Amino acid sequence: MINRSNPLEVLLERLGCADPAKGAFFFWDEVKDWPAGALDVLVTGGLLRPAQPMTTIECDGCEEKCINKPVVVYPAQEDKPGRAFVVCDERDGMGRIRVSFDRMRQWQTTCDLIADVVARLLGASASASTASISRQWHLGVLKGKKHKSRVTLLADGGLSLAFAGHTVPIVEVLAIKNEALALDKGELIRLVDKPASDVEPEIPEQRRDRLRARVREERATGTRAFLRRVAEEEGISVSRLKQLTSAEPSSTNMWSGLSTVQKNGDSLKKIKPKR
């Protein structure tokens, strides 16, 4: 159950249910009631960023609390400070109702921001996270004491990390400690070293196809150093990536059906086909 008094849990829960292309927004009327310092931690930690001021707002002129009221802004002039107000057309005698500029402030979070933060806290072997059109963000490779695994951020009805056959909700491993964001990397490494029993090993052909797909994806999104990006995710060099993506499964010798082998003592003799 989400702790509504915990801003980080609220942020992760709301973003997990939001459209990844738009992200989730938090406005001043909400964040002003957060625990002291929480907003600063989320902003400086990279999970929130300031967004454009709100153009509609909930009117607080009376108990009706009308929502989505357009805000009229008069910019500051030489002898007058800037002003903002909404016009009440619901009740007689209300007219203009002043709006504090603070109430127009809002902040945004996106899956890209979450992926960047988690990749940084993981210390994964990728310079930055990579967004995917399939609601997946590839964060790189996390190395344990015995094993290593690719780590992927999933956004499908909630935010979670997928690796080594495990799927872990981010809310269970990300927290605010000592006025900073902290990731329970120890727990993640423990899980990396204990892969899920139903994880099947990746055969060379599967790895080749997966890496080719990642290279095409990065190229399509306009990443300039797309080979380096994929290589860092995989924890290998660019030259090794080229080898893996160019390798083809060994094909059957086209002439194998045209010759037979006959054993003669310890030697093998090829018999040429008759013409």
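Keep in mind that this is a model prediction, so the values were computed, not measured. This chain uses plain numbering: 1 for the first residue, then up along the sequence.
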Can you tell whether the side chains of [X] and [Y] come within less than 4.0 Å, N to carboxylate O?
X: Asp60; Y: Arg103; answer: yes
X: Arg14; Y: Glu9; answer: no
X: Glu205; Y: Arg208; answer: no

Atom pair [atom1] ([X]) and [atom2] ([Y]), whose distance is rounded to the nearest 0.5 Å:
X: Thr44; Y: Leu47; atom1: OG1; atom2: CG; value: 9.5 Å
X: Leu244; Y: Ile236; atom1: CG; atom2: CD1; value: 5.0 Å
X: Arg240; Y: Thr245; atom1: CZ; atom2: OG1; value: 10.0 Å
X: Lys148; Y: Asp193; atom1: NZ; atom2: CG; value: 13.0 Å
X: Lys194; Y: Lys146; atom1: NZ; atom2: NZ; value: 8.0 Å
X: Leu12; Y: Asn6; atom1: CG; atom2: CG; value: 8.5 Å

Would you say the side chain of [Y] lies within less than 4.5 Å of the side chain of [X], judging by non-hydrogen atoms?
X: Val118; Y: Leu161; answer: yes
X: Thr110; Y: Lys22; answer: no
X: Pro195; Y: His147; answer: yes
X: His166; Y: Leu188; answer: no
X: Lys185; Y: Leu142; answer: yes
X: Leu241; Y: Arg228; answer: no
X: Phe26; Y: Thr109; answer: yes
X: Leu174; Y: Leu121; answer: yes

[Y] reachable from [X] in the ILVMFWY side-chain graph, under 4.5 Å edges:
X: Leu11; Y: Leu154; answer: no
X: Leu113; Y: Trp137; answer: no
X: Trp34; Y: Leu15; answer: yes
X: Phe25; Y: Ile114; answer: no

Residue pair [X] / [Y]: nearest heavy atoms and the distance that separates them:
X: Gln136; Y: Thr152; value: CB-CG2, 3.8 Å
X: Ile97; Y: Cys59; value: CD1-SG, 3.5 Å
X: Val71; Y: Ala84; value: CG1-CB, 4.0 Å
X: Met104; Y: Ile57; value: N-CD1, 4.4 Å
X: Ala155; Y: Cys111; value: CB-SG, 3.8 Å
X: Gly45; Y: Arg120; value: O-NH2, 2.8 Å

Should we say atom [atom1] of [X] is surrounded by more than 12 heavy atoms from elsewhere, each under 6.0 Å from it?
X: Glu58; atom1: CD; answer: yes
X: Lys65; atom1: NZ; answer: yes
X: Asp156; atom1: CG; answer: no

Subject >> Pair Val238-Val230, side chain to side chain contact (heavy atoms under 4.5 Å, CB included): steps then yes or no >> reply: CA-CA 8 Å; Val238 172; Val230 177; over 6 Å; no

Original post:
Do Trp107 and Phe27 make the cut of ring centroids closer than 6.0 angstrom?
Top reply: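 No, too far apart.
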
Original post:
Would you say Ser160's side chain and Pro169's backbone share a donor-acceptor pair under 3.5 angstrom?
Top reply: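 Pair absent, no side-chain N/O of Ser160 close to backbone of Pro169.
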
Subject >> Intermediate values then yes/no, side chain to side chain contact (heavy atoms under 4.5 Å, CB included), Thr223 and Arg219 >> reply: CA-CA 6 Å; Thr223 303; Arg219 181 185 292 170; over 6 Å; no

Original post:
Do Val171 and Leu159 pass the side chain to side chain contact (heavy atoms under 4.5 Å, CB included) test, and can you show the C-alpha distance, the side-chain angles, and the key distance before you say yes or no?
Top reply: CA-CA 8 Å; Val171 70; Leu159 299 177; over 6 Å; no

**OP:** Walk me through it: do His138 and Glu217 pass the test side chain to side chain contact (heavy atoms under 4.5 Å, CB included)?
**Re:** CA-CA 11 Å; His138 306 284; Glu217 185 180 30; 3.9 Å; yes

